[in-house]
Amino acid sequence: MFESRLQSEQADLLARAFLTLESMEDCYRLFEDLFTIREVQDLSSRMEIAMMLRDKITYNEIVEKTGASTATIGRVNRALNYGAGGYERVIEKLKGQED
């Protein structure tokens, strides 16, 4: 079983809250209450960058298409290559929904 260094009772509560979401509307309602607009934009951008990196899109193309800094792209790339595998799990599920 995966042991996260982030795990705590508070983080467990947050994870359980996300697991209760059943629709896009539910997600957006929680996003509005939980995050600032900037935080949603930043998180959304990281997800988009992760998907682009998995599709072998170059840093330069990602910068052009998203306006993200190379530092942000590098951070996402490190998480993809050396992180806990969260991006990979979500990307695979999202790609499975497209089929």
Side-chain angles (χ1 to χ4, degrees):
M1 182 167 157
F2 176 73
E3 295 275 334
S4 173
R5 64 183 184 276
L6 302 174
Q7 192 165 5
S8 67
E9 285 184 33
Q10 289 175 321
D12 286 353
L13 176 61
L14 180 62
R16 283 195 310 274
F18 278 109
L19 289 170
T20 68
L21 302 175
E22 296 179 359
S23 68
M24 290 288 267
E25 180 181 337
D26 288 347
C27 290
Y28 278 102
R29 286 176 180 272
L30 185 58
F31 292 172
E32 292 243 357
D33 290 347
L34 189 60
F35 302 120
T36 65
I37 292 169
R38 183 71 200 177
E39 288 169 332
V40 172
Q41 291 169 338
D42 289 347
L43 294 171
S44 300
S45 177
R46 290 180 196 164
M47 195 69 235
E48 179 183 25
I49 291 166
M51 294 183 80
M52 293 172 87
L53 287 168
R54 273 295 147 234
D55 288 340
K56 307 293 186 209
I57 296 175
T58 67
Y59 274 41
N60 287 339
E61 290 176 285
I62 295 171
V63 168
E64 262 182 46
K65 291 179 181 179
T66 67
S69 70
T70 56
T72 297
I73 298 167
R75 189 176 310 118
V76 172
N77 196 42
R78 277 190 301 283
L80 279 168
N81 292 312
Y82 306 108
Y87 278 123
E88 288 290 344
R89 291 172 72 112
V90 169
I91 290 169
E92 288 305 312
K93 289 179 181 186
L94 289 171
K95 288 190 181 267
Q97 291 176 353
E98 291 174 359
D99 300 333

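- Listed by chain and number, the hydrophobic cluster partners of Leu6 come to none, as no ILVMFWY side chain reaches under 4.5 Å of it.
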Side chain to side chain contact (heavy atoms under 4.5 Å, CB included) between Met47 and Tyr87, intermediate numbers included: CA-CA 8 Å; Met47 195 69 235; Tyr87 278 123; 4.1 Å; yes
Side-chain donor-acceptor pairs under 3.5 Å in residues 57-64, sequence neighbours left out?
{"residue": "Thr58", "atom": "OG1", "partner": "Glu61", "partner atom": "N", "Å": "3.2"}
{"residue": "Thr58", "atom": "OG1", "partner": "Glu61", "partner atom": "OE1", "Å": "3.1"}
{"residue": "Tyr59", "atom": "OH", "partner": "Asn77", "partner atom": "ND2", "Å": "3.4"}
{"residue": "Glu61", "atom": "OE1", "partner": "Thr58", "partner atom": "N", "Å": "3.2"}

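- With sequence neighbours excluded, the residues that form a salt bridge (charged side-chain N to carboxylate O under 4.0 Å, His left out) with Glu88 are Arg54.
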Worked check of side chain to side chain contact (heavy atoms under 4.5 Å, CB included) between Thr72 and Thr66: CA-CA 11 Å; Thr72 297; Thr66 67; over 6 Å; no
Residues Thr36, Gln41; criterion side chain to side chain contact (heavy atoms under 4.5 Å, CB included); working and verdict: CA-CA 9 Å; Thr36 65; Gln41 291 169 338; over 6 Å; no
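- Distance check: Leu34 CG to Glu39 CD gives 8.0 Å after rounding to the nearest 0.5 Å.
- For Ile37, the CD1 atom sits in a loose shell: 12 or fewer heavy atoms of surrounding residues, nucleotides or ligands are nearer than 6.0 Å.
- Lys65 contributes atom NZ, which lies 9.5 Å from atom CD of Glu48 (distance to the nearest 0.5 angstrom).
- Sequence neighbours left out, the pairs with a member in residues 2-28 that pass ring pair (Phe, Tyr, Trp, His ring centres under 6.0 Å) are Tyr28-Phe31.
- From Arg75, atom CZ reaches atom OG of Ser69 across 6.5 Å, with rounding to the nearest 0.5 Å.
- For Arg38, the side-chain hydrogen bond (donor to acceptor under 3.5 Å, both in side chains) partners are Asp42, not counting sequence neighbours.
- Cluster annotation: Val76 is connected to Val90 through the hydrophobic network of ILVMFWY side chains, with a link wherever side-chain heavy atoms come within less than 4.5 Å.
- Closest approach of Ile91 and Met51 over heavy atoms only: CG1-CG, 3.8 Å.
- Residues passing the side-chain hydrogen bond (donor to acceptor under 3.5 Å, both in side chains) test with Glu9: none are found, sequence neighbours excluded.
- In terms of hydrophobic clustering, with Ile, Leu, Val, Met, Phe, Trp and Tyr side chains grouped at heavy-atom distances under 4.5 Å, Met24 and Leu21 are assigned to a common cluster.
- Closest heavy-atom contact between Leu80 and Ala50: CD1-O, 3.8 Å.
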